[in-house]
K.L.:
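Before I ask anything, here is the structure I am working with.
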Amino acid sequence: MIAVRAERIADQATIRAINIAAFDRPDEADLVDALRERGAVLASLVAELDLHPVGHILFSRMWIDTADRAIPAVALAPMAVLPQYQRRGVGARLLAAGIDALRAAGERIVIVLGHRDYYPRFGFTSDKAHLLENPFPPGALMAMELEPSALAGVRGKVRYAKPFSLA
């Protein structure tokens with residue numbers, strides 16, 4: 001049984017190891033550490049199997065800068081599962097728990113840069129993000145409205161937290 005819970009301070013080294021193993025490089029683990037240091041983390045969840053952490057997901061504050069205001073949104077990144085536990089529903093459990101937590105917290109918009117074959121099954125779509133200026137290839141940025149019509153008519157530039165190092 002996969003259980004999902006909030007990150008604890010004692011999990012930080014394990015979360016770092018999960019991200020390095022999942023991505024085969026330290027970049028995402030460094031991003032998690034930097035987002036924590038900047039206070040940009042909105043939710044950080046750990047998936048456990050038999051009380052052993054096997055996955056992690058992080059949500060941080062980002063903004064959509066429109067002509068007249070900055071609209072708060074949530075960046076989903078990174079999501080990591082130990083390689084030997086991938087394709088077993090761990091990521092799906094993390095994502096569902098995270099979305100539930102964000103909705104309960106009153107968040108309205110979640111944005112992800114991710115696999116086009118994976119995230120749409122959870123409600124993310126590039127159509128919702130098509131008016132958002134971003135530095136990524138067309139169709140790679142996807143959005144989910146946690147509140148109906150949260151992105152209706154929103155046109156602007158996405159602004160990630162500084163640790164993402166995006167211009």
K.L.:
Using atom types as modelled, flag every donor-acceptor pair under 3.5 Å from a side chain in residues 70-81 to any protein atom, sequence neighbours excluded.
P.N.:
none

K.L.:
Enumerate the residue pairs fulfilling salt bridge (Lys or Arg N to Asp or Glu O under 4.0 Å) with a member in residues 61-81, sequence neighbours excluded, ordered by first and then second residue.
P.N.:
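Every pair satisfying salt bridge (Lys or Arg N to Asp or Glu O under 4.0 Å) with a residue in residues 61-81: Arg61-Glu107, Asp65-Arg159.
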K.L.:
Checking side chain to side chain contact (heavy atoms under 4.5 Å, CB included) for the pair Val41/Phe59: CA distance, chi angles, key distance, verdict?
P.N.:
CA-CA 6 Å; Val41 174; Phe59 298 91; over 6 Å; no
K.L.:
In terms of hydrophobic clustering (I, L, V, M, F, W, Y; side-chain heavy atoms under 4.5 Å; direct or indirect links), are Leu31 and Val46 co-clustered?
P.N.:
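Shared cluster, yes.
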K.L.:
So, for Val4 and Ala97, which heavy atoms are closest and what is the spacing to 0.1 Å?
P.N.:
CG1-CB, 3.6 Å
K.L.:
Would you mind listing every salt bridge (Lys or Arg N to Asp or Glu O under 4.0 Å) that reaches into residues 78-104, with sequence neighbours excluded?
P.N.:
none
K.L.:
Assigning hydrophobic clusters by single linkage (Ile, Leu, Val, Met, Phe, Trp, Tyr; side-chain heavy-atom cutoff under 4.5 Å), is Ile109 placed with Phe164?
P.N.:
yes
K.L.:
Are Ile99 and Leu151 co-members of a hydrophobic cluster defined by side-chain heavy atoms under 4.5 Å apart?
P.N.:
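Per the 4.5 Å side-chain linkage, Leu151 and Ile99 are not co-clustered.
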K.L.:
According to a hydrophobic-cluster definition based on side-chain heavy atoms being under 4.5 Å apart (Ile, Leu, Val, Met, Phe, Trp, Tyr only), do Leu102 and Val32 belong together?
P.N.:
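Different clusters.
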K.L.:
Please find the pair of heavy atoms, one from Gly139 and one from Arg116, that lie closest to each other, and give the distance.
P.N.:
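Heavy-atom minimum between the residues: O-NE, 3.5 Å.
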K.L.:
Just so I know, are the side chains of Tyr85 and Leu49 near enough to count as touching, which here means a heavy-atom distance under 4.5 Å?
P.N.:
yes
K.L.:
For the residue pair Asn134 and Leu132, what are the closest heavy atoms and their distance?
P.N.:
ND2-O, 2.8 Å
K.L.:
Name all residues meeting the ring pair (Phe, Tyr, Trp, His ring centres under 6.0 Å) criterion together with Tyr119; count only those two or more places apart in sequence or in a different chain, and write none if there are none.
P.N.:
Phe124
K.L.:
State plainly whether one hydrophobic cluster holds both Leu113 and Leu35, where clusters connect Ile, Leu, Val, Met, Phe, Trp and Tyr through side-chain heavy atoms under 4.5 angstrom apart.
P.N.:
yes
K.L.:
Run the side chain to side chain contact (heavy atoms under 4.5 Å, CB included) test against Pro120 and tell me which residues pass, sequence neighbours left out.
P.N.:
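Checked Pro120 against side chain to side chain contact (heavy atoms under 4.5 Å, CB included); matches are Met142.
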K.L.:
I need the full list of salt bridge (Lys or Arg N to Asp or Glu O under 4.0 Å) pairs touching residues 45-57, with sequence neighbours left out, sorted by first then second residue.
P.N.:
Arg5-Glu48
K.L.:
Dump the intermediate steps for side chain to side chain contact (heavy atoms under 4.5 Å, CB included) on Arg16 and Ile20, then the final yes or no.
P.N.:
CA-CA 6 Å; Arg16 183 167 180 79; Ile20 291 171; 4.0 Å; yes
K.L.:
Checking Asp127 now: which residues fulfil side chain to side chain contact (heavy atoms under 4.5 Å, CB included) with it, not counting sequence neighbours?
P.N.:
Thr125
K.L.:
What salt bridge (Lys or Arg N to Asp or Glu O under 4.0 Å) pairs are there with at least one residue in residues 131-146, not counting sequence neighbours?
P.N.:
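Salt bridge (Lys or Arg N to Asp or Glu O under 4.0 Å) check on residues 131-146 returns Lys128-Glu145.
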K.L.:
Of all residues at least two apart in sequence or in a different chain, which pass the side chain to side chain donor-acceptor pair (under 3.5 Å) check with Arg25?
P.N.:
Glu28
K.L.:
Check whether any side-chain heavy atom of Ile111 sits under 4.5 Å from a side-chain heavy atom of Tyr160, and report yes or no.
P.N.:
yes
K.L.:
For Ala161 and Ala40, work out which heavy atoms get closest and say how close.
P.N.:
CB-CB, 4.0 Å
K.L.:
Count the heavy atoms of every other residue, nucleotide or ligand shown that sit under 6.0 Å from NE2 of His52, and state whether that count exceeds 12.
P.N.:
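More than 12 heavy atoms, drawn from other residues, nucleotides or ligands, come within 6.0 Å of this atom.
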K.L.:
Any side-chain heavy atom of Pro53 sitting closer than 4.5 Å to one from Ile18?
P.N.:
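A side-chain contact under 4.5 Å exists here.
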K.L.:
Could you give the distance from CG (Asp24) to CG (Asn19), rounded to the nearest 0.5 Å?
P.N.:
12.5 Å
K.L.:
How would you list, by chain and number, every residue that makes a side chain to side chain donor-acceptor pair (under 3.5 Å) with Arg36, sequence neighbours excluded?
P.N.:
Glu7, Asp33
K.L.:
What are the two closest non-hydrogen atoms of Ser44 and Leu58, and how far apart are they?
P.N.:
OG-CD1, 3.9 Å
K.L.:
For Ala96, check side chain to side chain contact (heavy atoms under 4.5 Å, CB included) against everything at least two apart and list the hits.
P.N.:
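With sequence neighbours excluded, Ala96 shows a side chain to side chain contact (heavy atoms under 4.5 Å, CB included) to no residue whatsoever.
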K.L.:
Hey, does Val158 have a side-chain heavy atom less than 4.5 Å from the side chain of Trp63?
P.N.:
no
K.L.:
Using the rule given for side chain to side chain contact (heavy atoms under 4.5 Å, CB included), can you reason through Val110 versus Val112, listing the C-alpha separation, both sets of side-chain angles and the distance that settles it, and then say yes or no?
P.N.:
CA-CA 7 Å; Val110 182; Val112 67; 5.7 Å; no
K.L.:
Could you go through the side chain to side chain contact (heavy atoms under 4.5 Å, CB included) check for Ser60 and Leu42 one step at a time?
P.N.:
CA-CA 5 Å; Ser60 60; Leu42 296 173; 5.6 Å; no
K.L.:
Using the ring pair (Phe, Tyr, Trp, His ring centres under 6.0 Å) criterion, which residues pair with Phe23? Sequence neighbours excluded.
P.N.:
none
